[in-house]
Protein chains: 2
Amino acid sequence: MKKEPTGSTLSLAILGLIAQAPCSGYDVRKVFATTPMGHFSASPGAIYPALKRLEKDGLIGGTVDRAQTLRPRQVYSLTAKGRKALCDVLVRPVRREDVIWHMDQLMLRFVFIGNTLGRKATCDFLKEFVREVEAYVVELQGHMGRFPPDTPPYARLGLQHGLHSYRMNAQWARRALRGLQEGSEGDKGAEA
Amino acid sequence: MKKEPTGSTLSLAILGLIAQAPCSGYDVRKVFATTPMGHFSASPGAIYPALKRLEKDGLIGGTVDRAQTLRPRQVYSLTAKGRKALCDVLVRPVRREDVIWHMDQLMLRFVFIGNTLGRKATCDFLKEFVREVEAYVVELQGHMGRFPPDTPPYARLGLQHGLHSYRMNAQWARRALRGLQEGSEGDKGAEA
DNA sequence: AATTTCATGTAACCAGTTACATGATTCA
DNA sequence: TGAATCATGTAACTGGTTACATGAAATT
């Protein structure tokens, strides 16, 4: 079985960033350090090896900017293969395990789908997202019902937190969906 | 600088579990596989090495159960040192980085504080939690305000998600706090 | 002149993943 | 008898962490 090239969430984040504008490693670090993308590590020990991997897999290509000067920089941009790989990840169906273990990755995908595939694809994604999240909420409610009545309140409250959290996710998605659908009769989708 | 013995979230989860009742590796796996604790990996490649680490650090002690039989099991229980280490983690102040990067760990701590240190400590924890979460909400709102007006809606919606998420966290904590505080005066009243 | 920022990296370490492996026991 | 479950582990791999290292350019 061939290994998926964009394995980790960090790789996806970097790939998506570069898709929007060519970046150097330092640029990527700055974005992670100063924007809400700060949920990702900006440490050089994470960024530079990740860039190397993506380059080795042929998903991004680096060209040396300011070559002659004493302070050159590697600027990476997406290759055709990279764009293809990114799209493949973005249109992948939303699975139960994703909502349980990789919510952050799903949020990344949401933003990147919007920016690169346009409104329709985003709406499709959101519908799948809502479906899976709501299914998981039902599962959690089941757990809640199966707590023996003498359980100390803390475990119950902890589970409450999970429930609220996922309900909120579904609600956010439904709202976003409404917003995108009504605000879009005029449609300005993205391009290739 | 001495390394913290309960480094990873998984280690904390295991330690907390064993604190409530002695467990074998298999027991731990079952809990992770069948309860809302399923956010942690139940794979043997994660559990057994983690148990070894905890044992090596002297935080848990294993005794062989059903020794003579052909299917013995290692049952681990907390050592005094382990209980101390657990408490140290639990009463550690809630820092900004925790709410950004280790929310799952904070939720674990919440439940374990309740079960092992009681109501007062839990309330203190929740107060700190609310404080840090709300501070972070303000920070995120700042980001939102600084979006240039021509930003495509998707990034904005992504940030929305984060905002809602953290607001919900704060709200959950405030509710839990109210519930615990009033439930303690009458001493019996569960919250609605 | 000193500090900060730009810019790129490496090395040792740690922990989790997947997949594999073994063998007893219980139950259909 | 064969499947599921009990019970414990290992090995190779992956990727992220911390800390270290280098040096030019811009700013104060």
Side-chain angles (χ1 to χ4, degrees), chain A residues 1-15 22-34 38-57 60 62-76 97 100-102 104-105, chain B residues 1-15 22-34 38-57 60 62-76 97 100-102 104-105:
Chain A
M1 169 134 43
K2 202 160 91 238
K3 259 243 24 183
E4 188 82 33
T6 48
S8 69
T9 302
L10 181 64
S11 297
L12 176 61
I14 293 177
L15 206 61
C23 284
S24 68
Y26 192 77
D27 292 337
V28 172
R29 293 186 61 203
K30 249 189 330 190
V31 170
F32 289 174
T34 63
H39 279 262
F40 301 96
S41 164
S43 86
I47 301 296
Y48 291 104
L51 285 170
K52 296 279 180 201
R53 280 197 300 274
L54 290 170
E55 190 177 30
K56 202 190 58 190
D57 293 339
I60 63 178
T63 61
V64 178
D65 196 12
R66 300 205 294 255
Q68 261 58 350
T69 74
L70 284 164
R71 197 205 282 172
R73 28 179 266 147
Q74 275 285 328
V75 176
Y76 294 96
E97 310 96 83
I100 299 178
W101 275 307
H102 304 299
D104 53 344
Q105 206 174 102
Chain B
M1 173 144 29
K2 202 164 85 236
K3 258 243 18 179
E4 187 82 34
T6 49
S8 69
T9 302
L10 181 65
S11 297
L12 175 60
I14 293 177
L15 207 62
C23 283
S24 68
Y26 192 77
D27 292 337
V28 172
R29 293 185 61 205
K30 251 189 327 190
V31 171
F32 288 174
T34 64
H39 278 263
F40 301 96
S41 164
S43 86
I47 302 297
Y48 291 105
L51 285 169
K52 296 278 177 200
R53 280 197 301 274
L54 290 170
E55 189 176 30
K56 201 190 58 191
D57 292 338
I60 61 178
T63 61
V64 178
D65 196 12
R66 299 206 294 254
Q68 261 59 349
T69 74
L70 285 165
R71 197 203 282 170
R73 28 179 266 148
Q74 275 285 329
V75 177
Y76 294 97
E97 312 95 84
I100 299 178
W101 275 308
H102 303 299
D104 52 345
Q105 206 174 104

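Quantities reported herein were computed from a predicted structural model and do not represent experimental measurements.
At the phosphate of dG9(D), OP1 or OP2 sits under 4.0 Å from a side-chain N or O atom of K52(B). Phosphate proximity of dC6(C) to Y26(A): present, with a side-chain N or O under 4.0 Å from OP1 or OP2. Contact annotation: S11(B) does not reach the phosphate of dA15(C) (side-chain N/O to OP1 or OP2, under 4.0 Å). Between Y48(B) and dG9(D) there is no side-chain polar atom (N or O) within less than 4.0 angstrom of OP1 or OP2. Taking side-chain N and O atoms only, R73(B) has no distance below 4.0 Å to OP1 or OP2 of dT8(D).
Atom P of nucleotide dA7(D) and atom CD of Q74(B) are separated by 13 Å, given to the nearest angstrom. Put simply, NE2 on H102(A) is 11 Å from C1' on dT17(C), counting in whole angstrom units. We find that CD1 of I47(B) is positioned 14 Å from P of dA15(C), with the value rounded to whole Å. Atoms CG (L51(A)) and P (dT10(C)) sit 12 Å apart, rounded to a whole Å. Whole-Å rounding puts the L54(A) CG to dT14(D) P distance at 14 Å. Separating the CZ atom of R29(A) from the C1' atom of dT17(D) is a distance of 13 Å, rounded to the nearest angstrom. Rounded to whole Å, atom P of dA7(D) lies 7 Å from atom NZ of K30(B). The separation between L10(A) atom CG and dT14(D) atom P is 16 Å, rounded to whole Å.
Within the helix from dA1(C)-dT28(D) to dA28(C)-dT1(D), the inter-axis angle between the opening and closing five-pair segments is 30°, rounded to 10°.
Residue P44(A) places its side chain closer to dG9(C) than to any other of dT8(D), dG9(C), dT17(C). Of the listed nucleotides (dT17(D), dG16(D), dG9(D)), dG16(D) has the atom at the smallest distance from the side chain of S8(A). The side chain of S43(A) lies closest to dT18(D) when the candidates are dG16(D), dG9(C), dT18(D).
Shortest non-hydrogen contact noted between A50(A) and L10(A) is CB-CD2, 4.3 Å. In plain terms, the two heavy atoms of D27(A) and R73(A) that are nearest each other are OD2-NH2, 3.3 Å. The two atoms that bring R29(B) and A42(B) nearest to each other are NE-O, 2.7 Å, heavy atoms only. Between E55(B) and G62(B), the shortest heavy-atom contact is OE2-N, 3.4 Å. Across all their heavy atoms, Y26(B) and Y48(B) have their closest contact at N-OH, 3.7 Å. Of all heavy-atom pairs spanning V28(B) and C23(B), the tightest one is CG2-CB, 3.9 Å.
With hydrogens and angles ignored, the 3.5 Å screen pairs a side-chain donor or acceptor of T34(B) with a backbone N or O of K30(B).
Just one residue in the list V75(B), I14(B), L15(B) forms a side chain to side chain contact (heavy atoms under 4.5 Å, CB included) with I60(B), and that residue is L15(B).
Using a 4.0 Å heavy-atom cutoff across all strands shown, G45(B) reaches at least one base atom of the nucleic acid.
Where S41(A) and A46(B) meet DNA chain D, the nucleotide closest to each residue was compared, and A46(B) sits on the side nearer the 5' end.
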